[in-house]
Amino acid sequence: MANLSRRAFTLTALSALATPALIRPARAASGTVVAAAFPGSWEDAYRNIVAPASGVSVTVAPALAQDQIAKLMASPGRPPYDALLVSPGQTATLIEAGLIEKIDPSKLKNWDKLSPIAQNEWGPFVTIEVNGIAYNPEVVDKPAGYKTLFEDPQYDGQVAYIGFGSNTATMAWTEINKIYGGTYEDMGPVFDLIKSHLSRIGAIATSGSNQMTMYQQGEVAVFMASTGNVAKLRELGMPCDFAHPESGSPSVPVAIHLVKGAQDPDAVYAYMDAAISAAAQAQLAEAPTAMLPTNTDVPYSAVLSEYVTPEQVAAAVYPDWIAINKHRADWTNTFDRIVVGG
Amino acid sequence: MIRKDTLLAWPMILFMVLFFLSPLLVLFGVSLREGENGWGLGNFAAFLSDPFARGVLTRTLMLGLQVTFWVSVLSLPLVMLYWHGGRRLRGFILICTLLPMLTSNVVRTFAWVVILGRNGPISQSLLALGLTERPFSLLFTETGLIMALVQIELPLLLLPVFSVLNRADRKTLEAAEVLGAGRWRAWFSAIFPQIVPAVLAGWVLVFASATTSYVTHTVIGGARLIFLPQFVYREVGVLFQWPMAAAISIMLLASTGIIMLGLTMLARHERLQGHG
C-alpha cells in the first residue's frame with residue numbers, strides 16, 4: 001500500500017478549499033445595487049427602464065415578495081439584496097424582523113414630486129397596484145363583483161383562485177369575506193363559501209403566474225388580478241378585460257426599501273430616485289406594465305386609463321396588512337386543508 | 001495515513017463534506033429549534049401529530065411509488081426492443097431517451113401543461129374520436145401529474161438499464177436456450193439478473209426525483225394536490241417557519257431514504273443477482 005505524503009495531501013486539501021474563492025462573488029464592489037423585483041414584466045421594466053436611469057450599476061434579481069423576505073431571513077448579516085420591492089404586507093414583516101432601514105428623503109431629488117400617500121418613511125411607493133377581476137370577454141360576461149362569481153352559474157368551472165400565499169388572492173379573499181359578513185377576526189364566511197363552492201371552482205392554482213398560464217391555455221376564463229396582469233396578457237394577444245369589483249378595488253402600494261446592511265446605500269438612493277422620477281414613471285405607465293404613477297408630474301397613460309381612473313383609485317380599498325399578517329399562517333393552513341380535503 | 005490510490009477521490013469527498021454533509025447538519029440543527037432559544041424535537045412531533053401533514057407525507061411517498069411502477073411498466077417493452085434491436089434501432093432508442101433530457105425539467109413540465117389541457121392533443125383527440133362528449137382537462141389531477149412525471153423520469157430508469165444491456169453477455173442467453181429454457185424463461189434467468197442492479201438503481205433515481213419534483217408538482221398538480229416539497233416551500237416562503245421547514249425536509253429525506261435503502265438492499269439479494 002503506497003502512502004501519500006503530508007505535503008501532497010495538504011496541497012490537495014487547500015486546492016479544494018480554495019475553490020470557492022475562485023468563484024466570482026455575486027456582490028460586486030461599491031457603486032452597485034442588487035435590487036429585487038417581481039419576476040416577469042416588473043423585472044424587465046426595472047432592468048430596462050429604471051436601472052439605466054439610476055446612473056449606478058444595478059443588478060435586477062427576480063424574486064417574489066415573500067421569497068425576498070425568506071432569502072433575507074436565511075442570510076442574517078449578509079443580505080443578498082440591497083434594495084427590495086414589496087407591498088405593505090411584507091413591509092410590516094420586514095420592519096418587525098429589523099431587515100430594512102428608514103430612508104433619508106433629503107437624498108431623493110424626486111421626493112417632493114411624489115404624491116403625499118407615496119411618501120413613505122420606509123421607502124417611496126413606486127406605484128399603487130389596483131386589483132380586481134380579470135376575465136375573458138369571449139367566454140364570460142363582465143362580472144359585477146366577487147359575489148357574482150359565486151352566484152351566477154355562467155362562472156362555474158371558469159374561475160381560478162389561489163391560496164393566501166399570494167397578496168392579490170389574500171386581498172380578494174378578505175374582501176369576499178367582508179361581503180359575506182366576515183371580518184379579519186372571523187374568516188368563517190369565506191371558508192364556508194370555499195368549502196361549499198369547491199366542486200364549481202375552475203382551478204386552484206399555486207401562484208399568480210401559474211394562474212396566468214391556465215388562462216392562456218383556456219383552462220379558466222376568470223382570475224383575481226392586477227391591472228398589470230391584464231396589460232401583460234393583452235400584450236401577449238390574449239382577450240382579457242379588467243373588472244373593478246362593485247365593493248371597491250383592493251389596492252396595494254409597492255415600495256422600494258433600503259435593506260439594513262446594504263453595501264452602498266447611496267447607490268440604493270440613486271436607484272430609488274430613478275424609480276420615482278417622472279421620466280421612468282412615464283415609461284412604466286405605458287404597456288405592458290401600465291403602472292399607476294406616484295410622481296405627480298406624470299399623467300395617467302392612455303393604456304392605464306383603459307383600466308383605472310383617478311376616481312376609482314380614490315375609491316379603492318386598502319386592506320389592513322397588520323391584521324392580515326397576524327392571521328395569515330392560520331388562514332393558509334385552513335385554506336390548504338379545505339381545498340385538499342374537499 | 002492516506003492511501004495514495006484514494007487521492008483522486010479526496011477532492012470529491014471534501015466537496016461532499018463541505019457542500020452536502022455540512023448543510024445537511026445545519027438543516028438538522030435548524031429543525032431542532034423551538035421558539036427563540038429552545039431546542040428539541042417539537043417540530044417533528046407537531047408534524048407527525050397532524051393528520052393532514054401525515055396525509056401529505058403518505059401521498060408524497062405513494063406518488064413516488066406509482067410513478068416508479070408506471071415508469072417500469074413503460075420501460076419493459078422499450079428494454080426488450082433495445083435488447084433485440086439492431087445497432088441503428090438501439091441508437092434511435094437511445095437518442096429518443098436522451099433527447100428530452102437536453103431540455104430543462106421546467107420546460108418539459110410546461111410542455112405537459114399544453115398536452116394535458118382541455119385544448120391539448122389528448123382531450124382533442126378523444127373528442128375527435130367520439131370517445132368523449134366535451135373537452136376535458138387533466139391538469140391539476142393526479143392522473144395528469146403521474147403521466148407528466150412518468151415521461152420526465154423515464155430516462156432515469158432506461159439509461160442505467162441500457163448501459164448494462166450493452167455489456168450483457170448474449171452467450172448466457174444462448175446457453176439457457178440450449179439447456180431447454182423457453183425464450184422468456186431464458187431471458188429472465190440469464191439476462192434479467194444482470195440488469196437487476198441497474199433496474200434498482202433506476203428505481204431509486206425515479207423515486208427520489210418523483211417525490212421531490214417541486215416544479216412539476218405545483219404546475220401540473222396545482223394547489224389541491226399538496227406534496228411535501230410544496231409543504232416545505234409554504235413554510236419557508238409564506239410562513240417563514242424555517243425550523244418547521246427544516247423538520248419537514250428531514251422527514252422527506254428520511255422517508256425517501258428508507259425506501260431507497262430498502263431498494264438498495266433488495267438489489268444485493270442473491271436471488272435477484274442470479275446466485276440463488
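To find a chain, count down the sequence lines: A is the first, B the second, and so on, and within it residues start at 1. What you see below is based on every heavy atom in this structure, not just the backbone, and it leaves out hydrogens, waters and symmetry mates.
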B:Ala223 and A:Ala205: which non-hydrogen atoms are nearest, and at how many Å? CB-O, 3.4 Å
Run the side chain to side chain contact (heavy atoms under 4.5 Å, CB included) test on B:Leu225 and A:Val340 for me, step by step, so that the C-alpha distance in whole Å, both residues' side-chain angles and the decisive distance to 0.1 Å come before the verdict. CA-CA 6 Å; B:Leu225 295 171; A:Val340 172; over 6 Å; no
Can you confirm whether more than 12 heavy atoms, excluding those of B:Trp203, are under 6.0 Å from its CH2 atom? no
So which residues of residues 45-59 of chain B are in contact with chain A at a heavy-atom cut-off of under 4.5 Å? B:Asp50, B:Phe52, B:Arg59
Hey, what do you get for CZ (B:Arg224) to CG (A:Asp336), rounding to the nearest 0.5 Å? 11.5 Å
Chain B contact via A:Ala74 - which portion, at a heavy-atom distance below 4.5 Å: both
Contacts with chain B made by residues 206-216 of chain A (heavy-atom distance under 4.5 Å), listed by residue number: A:Thr206, A:Asn210, A:Thr213, A:Met214
Show the nearest heavy-atom pair for residues A:Glu219 and B:Ser137, with the distance to one decimal. OE1-OG, 2.6 Å
Atom of B:Asn119, atom of A:Gly218 and distance for their closest heavy-atom approach: ND2-CA, 4.0 Å
Salt bridge (Lys or Arg N to Asp or Glu O under 4.0 Å) partners for A:Lys232, two or more places apart: A:Glu235
Greater than 12 external heavy atoms within 6.0 Å of A:Trp321's CH2: yes
Which residue pairs satisfy the salt bridge (charged side-chain N to carboxylate O under 4.0 Å, His left out) criterion with at least one member in residues 139-151 of chain B, sequence neighbours excluded? none
Do B:Phe140 and A:Ile204 come within less than 4.5 Å of each other through their side chains, counting heavy atoms only? no
Interface moiety of B:Gln241 toward chain A, non-hydrogen atoms closer than 4.5 Å: neither
Gap separating the CE atom of A:Met73 from the CH2 atom of B:Trp242, nearest 0.5 angstrom: 9.5 Å
Under 4.5 Å, counting heavy-atom pairs only, tell me which of B:Thr218, B:Leu139, B:Val113 racks up the most with chain A. B:Thr218
Hey, could you give me the CD/CZ distance between A:Gln217 and B:Phe110, rounded to the nearest 0.5 Å? 10.0 Å
So, the part of A:Asn325 with a heavy atom under 4.5 Å from chain B: the answer is neither
